[in-house]
Amino acid sequence: MNKIAGLLIAISSFMAGQQQMSLSDCEEAFQKNNLQLLAEQYNINMADADILQAKIWELPQLSGQINAYNPEGKKVFDIGSAKGAQITQLIYMGGKKKNEIAFSKSNKELAQLQFSQLLVDLRTQLHATYFNLYYEKLKLGNTNKQLGYMNDLLSAYRVQSAKGNVSLKDEVRLQSLVIQLNNDKLGINKNILEFEQNLKVLTGISDDIEPQLSDADAKEILAAQPFGDENELKKKALENNSDYLYFLKLIDNSKLYSQWQKSLNVPDLNVGAGWDQNGGTFKNEVNLMLGIPLPLWKSNQGNVEKANYAIQQNQKNAEYQKLNLETKVQAAYKTWKSQYDQLAEIKATDLSNMELVYDGMLKNFRKGNVNLIEFTDFMDSYRETALQIYDMKNEIMQSAEQLNQLIQTKIFY
């Protein structure tokens with residue numbers, strides 16, 4: 001009774017450390033908890049603060065003067081009849097503030113595009129990791145199934161080998177197959193740990209995540225095909241890819257920056273008013289004050305030239321990004337197509353027949369209708385084929401996710 005209770009406690013504690021989650025559940029957790037995403041959001045907030053700052057004018061300046069020493073009356077700080085005050089305000093000329101605000105707003109648009117690209121990249125990582133974990137779990141289940149039978153068979157052969165009923169060579173042949181299966185299991189478990197760790201970081205969930213994906217849903221995802229041919233996909237990518245749009249927006253941003261730098265060459269105007277109690281032509285004199293730098297040379301010409309070079313540089317970068325994006329879409333589509341066609345050649349009946357043959361080999365070996373060499377050869381072939389089929393299915397999903405990452409709009413229907 002105590003053993004049963006202990007077993008139930010162990011199972012419940014193991015299940016408590018796991019969460020069965022669909023891909024949509026993981027996405028929801030990802031958008032709420034992903035720290036990279038939350039941190040990147042602050043760049044947009046900081047861009048808003050820059051816009052606010054760009055709208056703020058210089059503070060007006062208030063100054064005044066009082067008498068320090070009256071040489072006629074020989075008095076110090078004779079402020080009774082010698083006081084004055086001025087107030088001045090800097091007036092921006094040449095559209096400086098308007099250009100600075102426009103540049104700051106453009107920076108916010110760049111920050112939003114960077115956020116969008118990070119969101120796409122991290123969501124792709126989430127999907128890729130989720131499918132990787134799903135298929136590694138399937139591979140682990142299949143490998144454990146084979147190991148369960150082969151370990152029992154090896155134990156029986158060890159007993160018979162010790163009695164001299166079977167040869168040691170047969171025992172070693174079985175041992176070799178068990179070692180291969182255990183080696184497969186070791187690699188699969190290592191991958192599972194890595195994918196589970198990645199999912200924890202991406203979703204912000206500390207428990208291990210068990211993918212909740214039915215066979216029917218998996219088949220539906222595998223059967224989906226992108227809408228449109230290669231050229232249509234390239235067009236969609238150029239319209240929607242945030243990374244490419246960022247470089248296009250960067251051209252506009254650099255033009256706005258250049259315009260702002262040009263406006264800084266225009267002298268600003270200082271306007272003010274002054275009051276002087278007794279030091280001017282008249283008593284209690286009120287004066288209008290104007291001040292402007294003499295535009296003898298363009299004081300910001302170097303920055304203007306630098307900004308113009310930045311425009312040309314960003315135009316070349318955008319051309320490169322366009323070519324790079326189109327090339328990536330072409331390669332990703334061809335990769336997906338070849339993998340899709342390769343899997344399509346394997347019919348459902350072929351997979352069903354493989355399982356039927358597997359079960360048949362097990363039964364016939366138990367009955368003695370198949371010798372050990374034939375059995376182990378088949379089992380080794382089955383082991384490799386089963387793993388390859390899972391990998392083929394996973395690679396199709398990974399290729400589809402790469403296309404989604406590049407095109408960034410719904411293309412699979």
Side-chain angles (χ1 to χ4, degrees), residues 22-23 26 123-147 150 177 180-196 198-199 209-230 233 328-361 377-407 411-413:
S22 66
L23 186 55
C26 289
R123 183 183 285 124
T124 301
Q125 289 182 32
L126 178 72
H127 286 202
T129 304
Y130 187 89
F131 292 133
N132 277 329
L133 181 59
Y134 171 74
Y135 279 108
E136 288 299 309
K137 292 272 189 176
L138 291 180
K139 286 161 70 173
L140 181 62
N142 185 277
T143 301
N144 280 334
K145 179 185 72 172
Q146 295 177 63
L147 264 175
M150 295 306 299
L177 188 55
Q180 288 176 333
L181 286 167
N182 276 315
N183 187 58
D184 291 341
K185 183 177 180 179
L186 185 65
I188 293 168
N189 278 324
K190 182 181 178 181
N191 291 337
I192 287 174
L193 288 174
E194 180 183 347
F195 298 141
E196 285 178 341
N198 290 341
L199 274 183
I209 293 174
E210 182 74 24
Q212 194 175 29
L213 184 65
S214 67
D215 291 341
D217 289 339
K219 287 179 181 178
E220 185 177 342
I221 296 172
L222 286 170
Q225 299 188 51
F227 178 76
D229 58 12
E230 184 181 311
L233 295 178
K328 283 184 176 180
V329 170
Q330 182 183 46
Y333 177 74
K334 287 182 177 179
T335 300
W336 172 86
K337 189 72 167 62
S338 63
Q339 291 171 343
Y340 183 88
D341 291 343
Q342 184 181 16
L343 184 64
E345 292 177 0
I346 304 174
K347 306 301 181 184
T349 52
D350 296 333
L351 298 177
S352 179
N353 290 339
M354 190 174 77
E355 294 301 318
L356 287 174
V357 173
Y358 173 79
D359 293 335
M361 286 293 289
D377 285 347
F378 171 81
M379 291 297 291
D380 190 47
S381 176
Y382 174 83
R383 176 187 67 84
E384 292 182 0
T385 303
L387 295 179
Q388 287 171 356
I389 289 174
Y390 286 130
D391 286 338
M392 286 171 62
K393 292 179 177 180
N394 187 28
E395 284 167 1
I396 290 175
M397 291 188 175
Q398 300 299 327
S399 296
E401 288 302 324
Q402 187 180 4
L403 271 175
N404 283 327
Q405 182 182 17
L406 291 170
I407 299 170
I411 57 170
F412 284 92
Y413 295 87

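Only a predicted model underlies this, so the values are computations on that prediction, with no experimental measurement involved.
Salt-bridge annotation for D215 and K219: absent, with no side-chain N of the basic residue lying under 4.0 Å from a carboxylate O of the acidic one.
N404 places none of its side-chain heavy atoms less than 4.5 Å from the side chain of H127. In this structure, the side chains of T143 and L387 come closer than 4.5 Å at one or more pairs of heavy atoms. Put simply, the side chain of E220 reaches to within 4.5 Å of the side chain of D217, judged on heavy atoms. Side chains of E136 and Y390 form no contact here, defined as non-hydrogen atoms less than 4.5 Å apart. Looking at heavy atoms from C-beta onward, L356 lies in side-chain contact with N353 at the 4.5 angstrom threshold. Within the 4.5 Å cutoff, the side chain of N198 has no heavy atoms near those of the Q125 side chain. Inter-residue side-chain proximity for Y358 and K145 is flagged as met; some heavy-atom pair is nearer than 4.5 Å. Residues L140 and K185 meet the side-chain proximity criterion, which asks for heavy atoms closer than 4.5 Å.
Using the six-membered ring where Trp is involved, W336 and F412 have ring planes that are perpendicular, over 60° apart on the 30 and 60° scheme.
Smallest separation of non-hydrogen atoms from L233 and F227: CD2-O, 3.8 Å. Nearest approach of S399 to T335, heavy atoms of both residues: OG-CG2, 3.7 Å. Nearest heavy atoms, L213 versus A218: CD2-CB, 4.1 Å. The minimum heavy-atom distance linking F378 with V357 is given by the pair CE1-CG1, 3.5 Å. M379 approaches L177 most closely through the heavy-atom pair CB-CD2, 3.5 Å.
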| query | Would M397 and E401 satisfy side chain to side chain contact (heavy atoms under 4.5 Å, CB included), going step by step from the backbone distance to the final call? | reply | CA-CA 6 Å; M397 291 188 175; E401 288 302 324; 5.6 Å; no

| task | Kindly indicate, with the supporting measurements, whether the criterion side chain to side chain contact (heavy atoms under 4.5 Å, CB included) is fulfilled by L199 and E196. | result | CA-CA 5 Å; L199 274 183; E196 285 178 341; 5.7 Å; no

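Here I396 contributes atom CD1 and I221 contributes atom CD1; the two are 12.0 Å apart, rounded to the nearest 0.5 Å. Summarising the geometry, atom NZ belonging to K393 is positioned 7.5 Å from atom OH belonging to Y134; distances are rounded to the nearest 0.5 Å. If you take CE on M354 and CG on D359, they are separated by 11.0 Å, rounding to the nearest 0.5 Å. Note: R383 CZ to L147 CG = 10.5 Å, rounded to the nearest 0.5 Å. Distance CD/E230 to NZ/K337: 11.5 Å, rounded to 0.5 Å. With values rounded to the nearest 0.5 angstrom, E194 atom CD is found 11.0 Å from L133 atom CG.
Side-chain contact check for Q402 and Y333: no donor-acceptor pair (N or O, by modelled atom type) lies under 3.5 Å. In this structure, a donor-acceptor pair under 3.5 Å is present between the side chains of Q146 and N142.
Under the 3.5 Å distance criterion, the side-chain polar atoms of S381 are left unmatched by any main-chain donor or acceptor of D377. When atom types are taken as modelled, the side chain of Y340 and the backbone of A223 share a donor-acceptor pair closer than 3.5 angstrom. In terms of modelled atom types and a separation under 3.5 Å, the side chain of N132 and the main chain of A128 share a donor-acceptor contact.
Screening N191, D391, D184, N144 for a side-chain hydrogen bond (donor to acceptor under 3.5 Å, both in side chains) with K139, the sole residue that qualifies is D391.
Residue-environment remark: NZ (K328) stays at or below the threshold of 12 foreign heavy atoms within 6.0 Å.
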